2 protein chains.
Amino acid sequence: MDQAKSLNIHHPFQQSLPAVAKSPSTPITEHLAYLLAQANREINRQLDARFKKEGVPVEQWRILKVLSDGKGHSMGDLADAVLLNHPTLTKMVDRMVSDALVYRVQDPDDRRKVVMFISDRGKTLTQRLNSLALSQEAHIAENYGNKATADLKRLLESLIEKAN
Amino acid sequence: MDQAKSLNIHHPFQQSLPAVAKSPSTPITEHLAYLLAQANREINRQLDARFKKEGVPVEQWRILKVLSDGKGHSMGDLADAVLLNHPTLTKMVDRMVSDALVYRVQDPDDRRKVVMFISDRGKTLTQRLNSLALSQEAHIAENYGNKATADLKRLLESLIEKAN
DNA sequence: AGGAAAATATTGAATATTCAACGATTCCCG
DNA sequence: CGGGAATCGTTGAATATTCAATATTTTCCT
């Protein structure tokens, strides 16, 4: 097959070679937004790799962890806490209910609300996930340095606070 | 309709009230992975809001920015640079080709490869996006502090480097 | 009280992402 | 040289996320 055609490749007739070099704008790697995305992606990837054997995505760990305080949490609170949009959370919770990690109770004080709880099965899974997560944190602190890690956390917290 | 039934709500028969409080494990808000996700989400949301009027998602800005060095980039290089999986990048580039922001050329030296270039139309859009992004950076530096911003960037860079 | 407005969570359709498999090309090595 | 392995990018199917609309309940206001 003609690859050029199938891939929509063409020759750059619309291009004109610039007579002089453009002033190069800030490289993307210097933007805070990019650095955050890159760091987040990498750390998440590593954490996901550790969670792989439990077959649980990072978001579910967050949900379990928040619920493991034993108190009930509404879907709205939970969505904020675990950084997920409402519909996404609803569907993820559906899966977790199927897996019996978590369950819903109607809030008796406000019947619009649902109160989420963690099950015993969820609790034991959470413990395994917590130790995987802690071992990752330890690994990071190890070859990144305790001070750097602490400094970074502090700066991130303060950025998040200011950003609201 | 019976909401309890439709929402798969039930009462917590499987729960037993713990006789004593559990030792609370590290709150999720203290995990580096969570702080990164939160900061990334927030900064991205703000940047996306600024890009809204151009109708361009942040990922497309990254692509445009990388390509705006005028050199050609293979899809593989680009995927690494813009933090996107290969198939995701392919499909996003398809859209950008449709919008005439970007175009493909077959690499003459290695015909498996495709070399991506930015179009003139893409360049002018990039300039508008760059200035939106710079104004965001300025806004952050303003109420977060120049030093904190610089420190945070430095720590992120070093984390990313160590994480590989 | 009573009805409009707000809050809460879910649903369905549209959209986007991911995983696995593929086709094409190049590399490597006996 | 020749053929199996590796590389590069894309595709299609499966999965996940998002947007807008909805149902239900509560709040607010006069």
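Lettering of chains follows the sequences in order, A, B, ..., and the numbering in each one begins at 1. These values consider heavy atoms only, across backbone and side chains, with no hydrogens, waters or symmetry-generated copies. No experiment lies behind these values; they were computed from the predicted model shown.
Listed pair Asn85(B) / dT18(C) meets the phosphate criterion, a side-chain N or O lying under 4.0 Å from OP1 or OP2. At the phosphate of dT24(D), neither OP1 nor OP2 sits under 4.0 Å from any side-chain N or O atom of Arg111(A). The side chain of Thr90(B) contributes an N or O atom lying less than 4.0 Å from OP1 or OP2 of dT10(D). Here Thr88(A) does not reach the OP1 or OP2 of dA16(D): none of its side-chain N or O atoms lies under 4.0 Å away.
Val97(B) and Val56(B) end up in the same hydrophobic cluster when Ile, Leu, Val, Met, Phe, Trp and Tyr side chains are linked at under 4.5 Å.
We find that CG of Asp109(A) is positioned 15 Å from C1' of dT8(C), with the value rounded to whole Å. Atom pair Leu89(B):CG and dG9(D):P shows a separation of 9 Å (rounding to whole Å applied). Atom pair Ile63(A):CD1 and dA16(D):P shows a separation of 13 Å (rounding to whole Å applied). Rounded to an integer number of Å, the gap from CE of Met96(B) to C1' of dT10(D) is 18 Å. Here dG9(D) presents its C1' atom at 11 Å from NZ of Lys113(B), a figure rounded to the nearest Å. Here dC28(D) presents its P atom at 12 Å from CG of Asp110(A), a figure rounded to the nearest Å. Note: CZ (Arg41(B)) to C1' (dT17(D)) measures 12 Å, nearest angstrom. The distance between atom NE2 of His86(B) and atom P of dG12(D), rounded to the nearest whole Å, is 19 Å.
Checked by atom type, the side-chain pair Gln38(B)/Glu42(B) shows no donor-acceptor distance below 3.5 Å. Looking only at atom types and distance, the side chain of Thr26(B) has no donor-acceptor partner in the side chain of Lys65(A) under 3.5 Å away.
Between Trp61(B) and His31(A), the ring-plane angle classifies as perpendicular under the 30° and 60° cut-offs.
Listed nucleotides dT26(D), dT10(D), dT17(C) differ in distance to Met92(B); the shortest reach to its side chain belongs to dT17(C). The side chain of Arg112(B) lies closest to dA6(D), out of dT10(D), dA6(D), dT11(D). For Lys91(B), the listed nucleotide lying nearest its side chain is dT17(C); candidates were dT25(C), dT17(C), dT25(D). Distances were taken from every side-chain heavy atom of Val114(A) (C-beta onward) to each of dA9(C), dT11(D), dT26(D); the shortest belongs to dA9(C). The side chain of Arg95(A) has dT17(D) as its nearest neighbour among dG9(D), dT10(C), dT17(D).
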*Run the salt bridge (Lys or Arg N to Asp or Glu O under 4.0 Å) check on Lys147(B) and Asp151(B) step by step: do they pass?*
CA-CA 6 Å; Lys147(B) 174 155 192 318; Asp151(B) 286 353; 2.6 Å; yes
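Between Asp94(B) and Arg104(B) there is a salt bridge, since at least one side-chain N of the basic residue sits less than 4.0 Å from a carboxylate O of the acidic one. Salt bridge status for Glu137(B) with Lys153(B): present, with a side-chain N to carboxylate O gap under 4.0 Å.
Taking both residues in full, the closest heavy atoms of Val115(B) and Gly72(B) are given as CG1-CA, 3.3 Å, listed atom of the first, atom of the second, then distance.
Each of Val115(B) and Leu84(A) lies near DNA chain D, and the nucleotide nearest Val115(B) is the one positioned closer to the 5' end.
Taking a pair as Watson-Crick or G-U wobble with both distances under 3.5 Å, the runs of three or more consecutive pairs in DNA chain D are C:1-30 with D:1-30.
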